[in-house]
A.B. asks: 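My questions will all concern the structure given below.
If you're wondering where the values come from, they're calculated on a predicted model, not measured in any experiment. Quick note on labels: first sequence line is chain A, next is B, and so on, each numbered from 1.
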Amino acid sequence: MLVTSPDAAAAATPPDAAYVRSRGHAANVVRKLLRNPIAMGAAAVILLLIVVAVAAPWLTPADPFETSMFHRLSPIGTPGSPLGTDELGRDLLSRLMLGGRLSLFMGIVPVLLAFFIASALGILAGYAGGLTNSAIMRTIDVLYAFPSVLLAIALSGALGAGIVNALTSLTVVFIPQIARVAESVTTQVRRSDYVDAARASGASPFAIVRVHVLGNVIGPIFVYATSLISVSMILASGLSFLGLGVTPPQPEWGLMLNTLRTAIYVQPALAALPGVLIFITSIAFNLFSDGLRAAMEVK
Amino acid sequence: MADTEATTTPHPLLPSLPDLGGPRQPLLTVRGLSRHFALKSAAWFGAGGRAVVRAVDGIDFDILKRETLGVVGESGCGKSTTARLLMQLIEPDQGELVFDGQTVGSRSLPLREYRRQVQMVFQDSYASLNPRMTIEDSIAFGPRVHGLPARAATTRARDLLARVGLEPARFAGRYPHELSGGQRQRVNIARALALEPRLLILDEAVSALDKSVEAQVLNLLQDLQREFDLTYLFISHDLDVVRYISDRVLVMYLGQLIEIGSAQRLFDQPLHPYTQALLQSRPSTDPNHRTESAPLAGDPPNPVNPPSGCRFHTRCAQAQAVCSARMPTLVEHGNGSRVACLAYEPDTGYRANGSGLIMKEPIHG
């Protein structure tokens, strides 16, 4: 038949609904994550910590800044102060809740900033290769040569105490580590046949990075970055402990650990509390990151 | 079914490319193509002693319109490097490519346009598809890069899927890991065809497939060749497959072209001693013609430091003193055949021993 009716034309190109569309990568990852009890438990802990920290100003049972000379270092279980009071008589539960804000902030934000900067640098170095790669990666290696704790302390020390300075130095500390991962994953993807096929189709490097490289490298880089959140929290606590991060009377877990240190023989349980929270948070982030890594593995 | 009748109609934004020089003009003329890779470790010790791998060392050949040119040779002889050089995935050190009368990279044929005319199918069907993309998106990527609207590109991708034997409604939205090796290679072929190329480079494209699937894909390739007037450069280590599909065959050894000729002539009467040995190394299906001794012993010499004179003289049964001193040139040997062997070159000092280079035993295919 030569005459093509509109019906026949419609049959030749069935509507999109008729096409089977497989679940995408993101949906697969979420599905696998939901089936992983450890990752879900860790996610629940992280969520709880974040909710409590964010809502802390409205949740705290007592004023976290009100000192009382008569109720210094009261033990856990004291009426009115379920988790006791610190060396200045401030309610510890309220301070721990409010302190979570800065601790989590200092854990997540530097890693996030470093993730964006380092991914851009690493992907550029990995895809461009050659001289560009050498220039970027050798510069980064200079920073990488210092132990991260030392680098964070040195930078913070040079910049001075304060949240913004601590944030900056932590970001700088994490850029080399994430950039290295980004560069190696990108180099791997760049050598793959599908990138060669895309180059053979005449696509510009920008289009290839956007369409073919980004989707394949951002997952592994992100997983690696999430594993650094706990490190960032501990480093930030360390900086505060040394007096380089958050300044008193602002509550922050590392800083609280520092000030309660003097009470370690009088009230060891009190002194350990901020440390326990740091520990729980970093474990939760690490377990979640492990789950994410497992969920992203393609069969 | 409507799906199987799909055809790729040229889109106004991506018009088909015309045949410029007529049927007699070679589609692709390769002249003096060379690519040497510098060895990383040696690069530290000054330019003087810099070691290079001569992966492809000055090869000349033509690919005729609508033919299938087979390329054979041992591993490491430069087959794949040649493919990548022709696809311009790596830059040649020297040499010129002329596509249908136009120099590649010149103003009349910029690289981007050349890439519409030449496409490639890789050996590893899985590695050559983006694992995060549905196969229709993978196929549609090329046309979109060349300006086709998303909708039209997707339609073209689905038409092509139907054409390579994959029902679009079932396969278009799938991811590479959900397909079998043969299905993936069909997808790769569809992707290569999406830009309506005239030359398809098939680099071991069927080597990784099961024999039965391989046969299906080979038949598909032959059908597509007729339908779309395609020219194939078919690279394979499988001599029987090359014989089955090729019109002409090119033999490479250590980065050089040593023999080229029609498939029938080359398989029935191989000229170069290396080609003879290569063909004899095939296992025979006839138990009465077992291969008793290896016709070709050892590995090819190191391409960093190739032998002097004829590169094959170290393993050649017919080698004479002159072979290590003098480099053979590619000479005509009747009927469009060319061979690079001193025995076929006049006045080289090679003494014919009466029987010439006729093989002692006939070859059984």
A.B. asks: Below 4.5 Å from any heavy atom of chain A, which atoms of Met120(B) appear? Answer side chain, backbone, both or neither.
C.D. replies: neither
A.B. asks: Identify which part of Leu195(B) has an atom lying under 4.5 Å from any heavy atom of chain A, answering side chain, backbone, both or neither.
C.D. replies: side chain
A.B. asks: OH/Tyr126(B) to OG/Ser192(A) distance, rounded to the nearest 0.5 angstrom?
C.D. replies: 11.5 Å
A.B. asks: Enumerate, atom names and distances included, each donor-acceptor pair closer than 3.5 Å involving a side-chain atom of residues 104-133 of chain A, sequence neighbours excluded.
C.D. replies:
unit_1	atom_1	unit_2	atom_2	d
Ser119(A)	OG	Phe115(A)	O	2.5
Asn133(A)	ND2	Ala125(A)	O	3.1
Asn133(A)	ND2	Glu183(A)	OE2	2.7

A.B. asks: Quick check: closest heavy atoms across Gly202(A) and His146(B), and the distance to 0.1 Å?
C.D. replies: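 In this case the closest contact between Gly202(A) and His146(B) is CA-NE2, 4.3 Å.
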A.B. asks: Side chain from CB out, backbone as N, CA, C, O: work out which of these in Arg174(B) comes under 4.5 Å of a heavy atom of chain A, or both, or neither.
C.D. replies: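 Answer is both: backbone and side chain atoms of Arg174(B) are under 4.5 Å from chain A.
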A.B. asks: For Glu113(B), which atoms come within 4.5 Å of any heavy atom of chain A: side chain, backbone, both, or neither?
C.D. replies: neither
A.B. asks: Taking only Lys NZ, Arg NE, NH1 and NH2, and the carboxylate oxygens of Asp or Glu, determine whether Arg184(B) and Asp193(A) approach each other closer than 4.0 Å.
C.D. replies: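 Result for this pair is no, no salt bridge flagged.
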A.B. asks: Do you know which two heavy atoms are closest between Ser128(B) and Ala197(A), and how far apart they sit?
C.D. replies: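 The answer is O-CB, 4.4 Å.
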A.B. asks: Can you tell me which portion of Asn188(B) sits under 4.5 Å from chain A's heavy atoms? Options are side chain, backbone, both or neither.
C.D. replies: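 When you check distances to chain A, no heavy atom of Asn188(B) falls under 4.5 Å.
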A.B. asks: Tell me, for Tyr175(B) versus chain A, whether the close heavy atoms (under 4.5 Å) come from the side chain, the backbone, both or neither.
C.D. replies: both
A.B. asks: Do Tyr194(A) and Ser138(B) come close enough that some side-chain heavy atom pair is under 4.5 Å?
C.D. replies: no
A.B. asks: Looking only at heavy atoms, what is the nearest atom pair of Ser201(A) and Gln119(B), with distance?
C.D. replies: CA-NE2, 3.8 Å
A.B. asks: In chain order, what residues pass the side chain to side chain donor-acceptor pair (under 3.5 Å) check against Arg190(A), with sequence neighbours excluded?
C.D. replies: none
A.B. asks: Under 4.5 Å, heavy atom to heavy atom, which residues of residues 208-220 of chain A contact chain B?
C.D. replies: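 Residues in range: Val211(A), His212(A), Gly215(A), Asn216(A).
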A.B. asks: For Arg115(B) versus Ala200(A), what's the shortest heavy-atom pair and its separation?
C.D. replies: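 It is CB-O, 3.2 Å.
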A.B. asks: Who among Asp124(B), Val145(B), Leu89(B) has the most heavy-atom pairs with chain A under 4.5 Å?
C.D. replies: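 The candidate making the most pairs under 4.5 Å is Leu89(B).
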A.B. asks: Can you list the residues that meet the salt bridge (charged side-chain N to carboxylate O under 4.0 Å, His left out) rule with Arg144(B), with sequence neighbours excluded?
C.D. replies: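 Salt bridge (charged side-chain N to carboxylate O under 4.0 Å, His left out) check on Arg144(B) returns nothing, list empty.
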A.B. asks: Pick one of side chain, backbone, both or neither for Ala198(A), based on which atoms fall under 4.5 Å of a heavy atom in chain B.
C.D. replies: both
